[in-house]
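As structure tokens, the structure follows; a few thoughts come after it.
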Amino acid sequence: PSRISQLAIMRGRLSEVTGERVDLDQAVTAARNAVKATAATSTRRCGRLANLADRLVDRYEVSKNRQDLEEAVATLRTSINLAATTSTDDQTGQEHGHRCDAFVALLTELYQLTGQRQLLVESVDAARAAVDATHDESPLLAGRLDTLRDRLAVQAERQRDRRVLDDALSIARLAIAATPPDDNERTNRLNRLADLLADPAFEPGPAALREAADVARWAVRVSADEAGSDDQLERLAELLAMAYSSLVEPEFLDEAIEAATTAAAQTSARSRSLARRQHLLASLLSRKLAAITGPAAARAGAANDGGTIDFDDEQGRQQRWLLAQALDAARTAVETTRADEPGRASHLSLLADLLQVKHQLEDDSTALARAVDTARQAVEGTGPDHPELATRLASLSRALSALHDLTGNRADLLEAIAVARDAVAADSVDDPDYSDRLTLLAGHLVHLNALSGDNAPLTEAAELSRRAVAQTAALTG
């Protein structure tokens, strides 16, 4: 049996050099024969089963034949179960940990192919067994804890189980504690903990969001002298923005703006990340502006009621500065994005919204004309099945309506109505914003009635308003 096992190993090494399928097949055959020739009570049987699993994996990586993967999983499972009934000295414990590592990897691969829940559960158990087989001082402990965290996170997401998520969070904290300060993985593990804490699928509460922000700040400090420090600042800005949305504490938004500003400033003009970071900065500055000016300006493109801002007082000067900075960032995002890039429409949409705010707050007719043109480009660059299509159509409709208010051009109002109809058609009745789409169209129709005297638009507007109220009531219960 020993010679057969050595032959299997040699065949395996040969296959790595040649890449020939015949060598892979011979390596599998030799490994299988070595197992058959080994007594069930032999202390070497575990190792030979593990060797057969390795050879099957080698062949699977070339052939992608799922049967090889399934046999490798079954074979390594048998090896691990057999080891549990034999000696547990230090060397055997180390080998058991390595085999559990390999078993987790195989189970994960097979789970990704099949989606079978039992494979996921078994991978969690195997990852936990690998941790249990590891000494507290072992350099392998942090990595094995992180693997267990990963498997638990996938299980929590699939089952929507808060208890499993809490287990994953505890393991993530242990993985960080076990990671040496100079280990490059420390930042990645901090990021994973922050992501788990702020996972929107589990509706994180104030405590989780505050801890996520603290962990993200920690990641920024750890990576301050590393190449990816701008990435960490961007992640921090996003987490702080999420915390602000939930907790509505201005300090989170101010810190998010600071982090996003620094991230953008540290980004090369040639970097593909620049447009995304400028977009983030522009959106954060826009939210700050909305927080100061109140709900009227929070919704970009609302019809100008003539109430412009007094820029001579301190608050007015701050509003002007925020708007100017947001517009600069949004323009940079557009200018640094190629015409064929998928994200360009999103940048155009944000810029159009900000231009409408500029018209609203400063009574700037030029800004409104540019807003219409930019919003039209954003819609044209948005696919028919894109989830933001209805939002961008509604933005264009509001801009056209505002332009009609300014110029009196009936064609602008008619186009605003047509685009608002498209926004309603593009949205789902289950969308929380659907009632807003109905209300927008109803408002345009009321305006048309006032101009034309035709009661048909008014009748339709009344029906749309009833639908909007019913939809809101259905969503709120």
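Note: hydrogens, waters and symmetry copies are ignored here, and every other heavy atom, side chains too, is used.
Environment of CZ in R77: crowded, with over 12 heavy atoms of neighbouring residues, nucleotides or ligands closer than 6.0 Å.
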- Query: Please walk me through it: do D161 and Q155 pass side-chain contact (heavy atoms from CB on, under 4.5 Å)?
  - Reply: CA-CA 8 Å; D161 191 326; Q155 186 180 23; over 6 Å; no
- Evaluation steps, side-chain contact (heavy atoms from CB on, under 4.5 Å), between R410 and L448: CA-CA 9 Å; R410 183 186 176 91; L448 180 61; 3.9 Å; yes
- Show your working on side-chain contact (heavy atoms from CB on, under 4.5 Å) between S397 and L440 and close with a plain yes or no. CA-CA 8 Å; S397 178; L440 177 67; 3.9 Å; yes
- Message: Go through it in stages, so that I can follow the logic: the residues are R158 and Y111, the test is side-chain hydrogen bond (donor to acceptor under 3.5 Å, both in side chains), and I'd like the CA-CA distance, side-chain angles, deciding distance and then a yes or no.
- Response: CA-CA 12 Å; R158 172 163 179 167; Y111 170 72; 3.3 Å; yes
- For E185 and T179, run side-chain hydrogen bond (donor to acceptor under 3.5 Å, both in side chains): C-alpha distance rounded to whole Å, both residues' side-chain angles, the deciding distance at 0.1 Å, then the answer. CA-CA 8 Å; E185 275 298 303; T179 305; over 6 Å; no
- Task: I would like to know whether N191 and Q232 meet side-chain contact (heavy atoms from CB on, under 4.5 Å); could you show each step before the answer?
- Result: CA-CA 8 Å; N191 288 334; Q232 297 308 314; 2.8 Å; yes
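D167 and R163 are not joined by a salt bridge, as no carboxylate oxygen comes within less than 4.0 angstrom of a charged side-chain nitrogen. Looking at E341 and R344, no side-chain N of the basic residue comes within less than 4.0 Å of a carboxylate O on the acidic one, giving no salt bridge. Between E238 and R235 there is no salt bridge, since none of the side-chain N atoms of the basic residue sits less than 4.0 Å from a carboxylate O of the acidic one. A salt bridge does not link E388 with R392: none of the charged nitrogens is closer than 4.0 Å to a carboxylate oxygen. Between R59 and E71, none of the side-chain N atoms (NZ, or NE/NH1/NH2) sits under 4.0 Å from a carboxylate O, so this pair counts as no salt bridge. A salt bridge links R331 with D328: the distance from a Lys NZ or Arg NE/NH1/NH2 to an Asp or Glu carboxylate oxygen falls below 4.0 Å. Ion pairing of E70 with R66 is present here, as a side-chain N (NZ or NE/NH1/NH2) and a carboxylate O approach within less than 4.0 Å.
Distance CG/L393 to OG1/T382: 8.0 Å, rounded to 0.5 Å. Going from atom OG1 of T187 over to atom CZ of R221 covers 11.5 Å, rounded to the nearest 0.5 Å. Rounding to the nearest 0.5 Å places CG of D146 at 4.5 Å from CZ of R149. One distance of note links CZ of R270 with OG1 of T336; it measures 14.0 Å at 0.5 Å rounding. Rounded to the nearest 0.5 Å, atoms CG (L403) and CG (D373) are 11.0 Å apart. Between atom OG1 of residue T332 and atom CG of residue L327 there is a gap of 10.5 Å, rounded to the nearest 0.5 Å.
With a 4.5 Å cut-off on side-chain heavy atoms, L209 and F252 do not count as touching. Proximity of D405 to H447: side-chain heavy atoms (C-beta onward) are separated by under 4.5 Å at one or more points. Side-chain atoms of D101 and T147, non-hydrogen and from C-beta on, never get closer than 4.5 Å to each other. Residues Q315 and Q319 have side chains in contact (heavy-atom distance under 4.5 Å, counting atoms from C-beta outward). Under the 4.5 Å side-chain criterion, counting only non-hydrogen atoms from C-beta, T391 is in contact with R437. Side chains of L458 and L445 form no contact here, defined as non-hydrogen atoms less than 4.5 Å apart. Two residues are said to be in side-chain contact when any heavy atoms from C-beta on lie closer than 4.5 Å; L284 and E258 fail this criterion. Two residues are said to be in side-chain contact when any heavy atoms from C-beta on lie closer than 4.5 Å; V131 and R128 fail this criterion.
At distances below 3.5 Å, at least one donor-acceptor pair connects side-chain atoms of S123 with backbone N or O atoms of L120. Remark: the backbone N or O of A371 is not paired with any side-chain donor or acceptor of T374 at under 3.5 angstrom. In this structure a side-chain-to-backbone donor-acceptor pair under 3.5 Å is present from S170 to D166. Side-chain N or O atoms of T108 include one that pairs as donor or acceptor with a backbone N or O of V104 at under 3.5 Å.
The salt bridge (Lys or Arg N to Asp or Glu O under 4.0 Å) test with E415 singles out one residue from R421, R398, R376, and that residue is R376.
Scanning all heavy atoms of the two residues, the minimum distance from A423 to A394 falls at CB-N, 3.9 Å. F202 approaches E157 most closely through the heavy-atom pair CZ-N, 4.3 Å. For the pair A399 and L368, the tightest heavy-atom approach, listed with the atom from each and the gap, is O-CD1, 3.9 Å. Shown here for P200 and P204, the closest heavy-atom pair between the two residues is CA-CD, 4.0 Å. Minimum interatomic distance between L322 and I292 (heavy atoms only, all atoms of both residues): CD1-CD1, 3.5 Å. Residues L196 and A153 come closest through the heavy atom pair CD2-CB, 3.8 Å.
Taking the six-membered ring for Trp and the full ring otherwise, the centers of H444 and H404 sit at least 6.0 Å from each other.
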